[in-house]
Amino acid sequence: VIRCRAAVAWAMGKPLSLEEVEVAPPKAGEVRVKIVATGICHTDEHMLEGTLPGVDFPVIPGHEGAGIVESIGEGVTSVKPGDKVIPFSLPHCGECSFCLNPESNFCLKSHVSESQSLLPDKTSRFTCKGKQIHHFLWVSTFAEYTVVPEYAVAKIDARAPLDKVCLLGCGFSTGYGAATNTAKVKPGSTCAVFGLGGVGLSVVIGCKVAGASRIIGIDINKDKFAKAKEMGATECISPRDFKKPIQEVLTEMTGHGVDYSFEAIGHVDTMTAALASCNMNTGVCVMVGELPPDSVISIDPMLVLTGRTWKGTLLGGYRLRESIPALVSSYLEKKFNSDLLITHTLPIAKVNEGFELLRAGK
Ligand code: NAD
Ligand code: ZN
Ligand code: ZN
């Protein structure tokens, strides 16, 4: 058993508290990882607010991290102690009907089908003050050591800087993959990206790498515009600067709507606006933001009947066990610069400050 520090969420809506926790050794098929760095994704915030289904408190949040394998359980063959790894929240068991379908990117063991609050054998490896603490999405990167199933961790290039590539564990891969993998943005196309947070800015990077000639960033926080332009946005607009709905503004700006639109916020109204912003005939709209459970979107069916395609994506549609190592290689080859997404670097003891910065749009 390892004793180390972790940020524990004892209850919904409460700040995290830094605790000493015990992390039990990995059981068969599991891997214990020393987490070196982690990002904060808005999904962690949704979880703390209680709008993510299937989460049990107390819990150790975090799902966008990178680390080094400390020890392995019986039967583990794909990683060994000392390997650099990225754990991921969409497992790939390789055995279920979803995993066996080459077109699907997530497993029947993912949180969409069943809770990942406990490891697959329905027990936890974390305890604190004599209490069992739950896992989050089988990842829990806000701990100095965590235990994950072997099929939810990918070995990456030993040269990768963990404090940078941790973002590939969620936000970057989600946005970049939404553009290059889910939408398959074509060279010369026009794109609109709603929401310029970590995920939306990664969509911008993906559109740019895919060769889009016009990338329009949309956010109510204008402080995001400079960074979006640095990453490839050709223009940025705030819906608050217009009297008419943003979909009408975008349609006028582009003639008949954009070729690809992306919603990386998680609101019903911006989801509908993104759909209506793309070309009625051939436009593709990708839903990336997460809506609270039981949300309902009502749309004019003509929006889809005329030919638009409306898609969603989890983690950029990637089969992460194979895609994460490939993305890390692309990072090392400088195919994209995800380092631009890093705004602040804080020690684990300041994790609540990190959430304050996220809430303040910084
Ligand atoms: P973030 O908080 O960093 O960014 C959200 C951005 O949206 C902010 O810049 C904010 O100013 C902007 N915004 C808010 N309301 C707006 C509005 N009405 N109009 C325009 N802009 C608005 O969040 P993030 O980490 O980038 O995550 C974005 C969303 O993606 C979240 O809902 C998150 O849960 C979701 N997400 C989904 C996946 C997936 O696999 N589909 C993965 C990761 C995150
Ligand atoms: Zn599976
Ligand atoms: Zn995330």
Side-chain angles (χ1 to χ4, degrees), residues 38-49 51-52 61-65 88-101 104-114 120 136-137 139 141 149 151-152 166-178 182 192-204 217-225 227-228 236-241 245-246 262-274 286-292 295 311-321 341 343 354-355 357-362:
T38 180
I40 300 179
C41 167
H42 207 116
T43 304
D44 295 309
E45 170 72 350
H46 289 319
M47 180 267 237
L48 294 175
E49 288 167 339
T51 56
L52 200 71
H63 63 283
E64 190 178 83
F88 46 84
S89 57
L90 266 192
H92 197 90
C93 79
E95 287 169 3
C96 71
S97 62
F98 275 26
C99 285
L100 293 172
N101 175 355
S104 99
N105 83 308
F106 66 88
C107 181
L108 284 169
K109 298 187 172 74
S110 81
H111 70 282
V112 183
S113 306
E114 48 186 84
F136 177 50
L137 299 174
V139 186
T141 57
Y151 53 75
C166 59
L167 302 181
L168 276 53
C170 184
F172 177 77
S173 301
T174 297
Y176 186 79
T182 306
V193 184
F194 287 73
L196 300 171
V199 175
L201 290 172
S202 303
V203 175
V204 170
I218 300 124
D219 204 298
I220 48 175
N221 178 355
K222 291 185 180 178
D223 293 343
K224 304 274 179 163
F225 293 177
K227 197 140 229 185
C236 289
I237 53 175
S238 166
R240 294 193 174 150
D241 287 345
I246 196 71
F262 301 87
E263 203 274 6
I265 304 165
H267 293 165
V268 165
D269 51 349
T270 41
M271 292 277 177
T272 324
V286 182
M287 195 187 266
V288 192
E290 273 168 38
L291 293 162
S295 299
K311 302 175 129 184
T313 190
L314 284 181
L315 276 295
Y318 286 127
R319 289 162 82 87
L320 296 164
R321 256 184 119 171
L341 296 165
T343 51
F355 278 91
L357 290 163
L358 177 86
R359 290 175 196 128
K362 303 252 195 277

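Just so you know, these numbers come straight off a predicted model, no measurement behind them. Counting convention: from 1, in listed order, for ligands and their atoms alike. Along the sequence shown, the residues carry numbers beginning at 1.
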[X]: numbered ligand 1 atoms lying under 4.0 Å from its heavy atoms:
X    : result
L314 : 40 (O)
G198 : 3 (O), 26 (O)
T313 : 39 (C), 40 (O), 41 (N)
C170 : 42 (C), 43 (C)
V288 : 30 (O), 35 (C), 36 (N), 37 (C), 38 (C), 39 (C), 41 (N)
G195 : 7 (O)
G289 : 29 (C), 30 (O), 32 (O), 35 (C)
H267 : 15 (N), 18 (N)

Any N/O pair [X]/ligand 1 closer than 3.5 Å:
X    : value
C41  : no
T270 : no
N221 : no
L315 : yes

Taking atom 42 (C) of ligand 1 as the point of reference, which of L358, T174, L196 owns the nearest heavy atom? T174
Please state which option from V286, D223, I220 has its nearest heavy atom closest to atom 16 (C) of ligand 1. I220
State, with a plain yes or no, whether a side-chain heavy atom of [X] is found less than 4.5 Å away from one of [Y].
X    : Y    : answer
C107 : L90  : no
V112 : F98  : no
L196 : N221 : no
T43  : C170 : no
F355 : D44  : yes
P120 : Y151 : yes
H111 : L52  : no
D219 : C236 : no

Angle subtended at the Zn ion (ligand 2) by SG of C99 and SG of C107, nearest 10°: 110°
So what does the C93 SG - the Zn ion (ligand 2) - C96 SG angle come to, to 10°? 110°
Applying a 4.0 Å heavy-atom criterion (strictly less than), which segment of [X] is in contact with ligand 1: side chain, backbone, both, or neither?
X    : value
L201 : neither
K224 : side chain
T43  : both

Got the closest protein heavy atom to [atom], with its distance?
atom                    : result
atom 3 (O) of ligand 1  : G197 CA, 3.3 Å
atom 26 (O) of ligand 1 : V199 N, 2.9 Å
atom 25 (O) of ligand 1 : H42 N, 3.1 Å
atom 11 (O) of ligand 1 : D219 OD1, 2.7 Å
atom 20 (C) of ligand 1 : I265 CD1, 3.5 Å

Got an N, O or S from H92 under 2.8 Å of the Zn ion (ligand 2)? no
More than 12 heavy atoms from other groups under 6.0 Å of CZ on R240: no
So, the side chain of [X] versus the backbone of [Y]: is there a donor-acceptor pair under 3.5 Å, distance only?
X    : Y    : value
E64  : G171 : yes
S202 : Y176 : no
N105 : L314 : yes
T313 : V288 : no
E95  : C99  : no

Between H42 and V199, is a side-chain contact (heavy atoms from CB on, under 4.5 Å) present by the stated rule, with each step listed? CA-CA 9 Å; H42 207 116; V199 175; over 6 Å; no
Check contact between A264 and ligand 1, using heavy atoms of the residue and a distance below 4.0 angstrom. yes
N/O/S atom of C170 inside 2.8 Å of the Zn ion (ligand 3), strictly under: yes
List the steps, then state whether side-chain contact (heavy atoms from CB on, under 4.5 Å) holds for L137 with M47. CA-CA 11 Å; L137 299 174; M47 180 267 237; over 6 Å; no
Before moving on, can you tell me the angle at the Zn ion (ligand 3) between the NE2 atom of H63 and the SG atom of C41, to the nearest 10 degrees? 110°
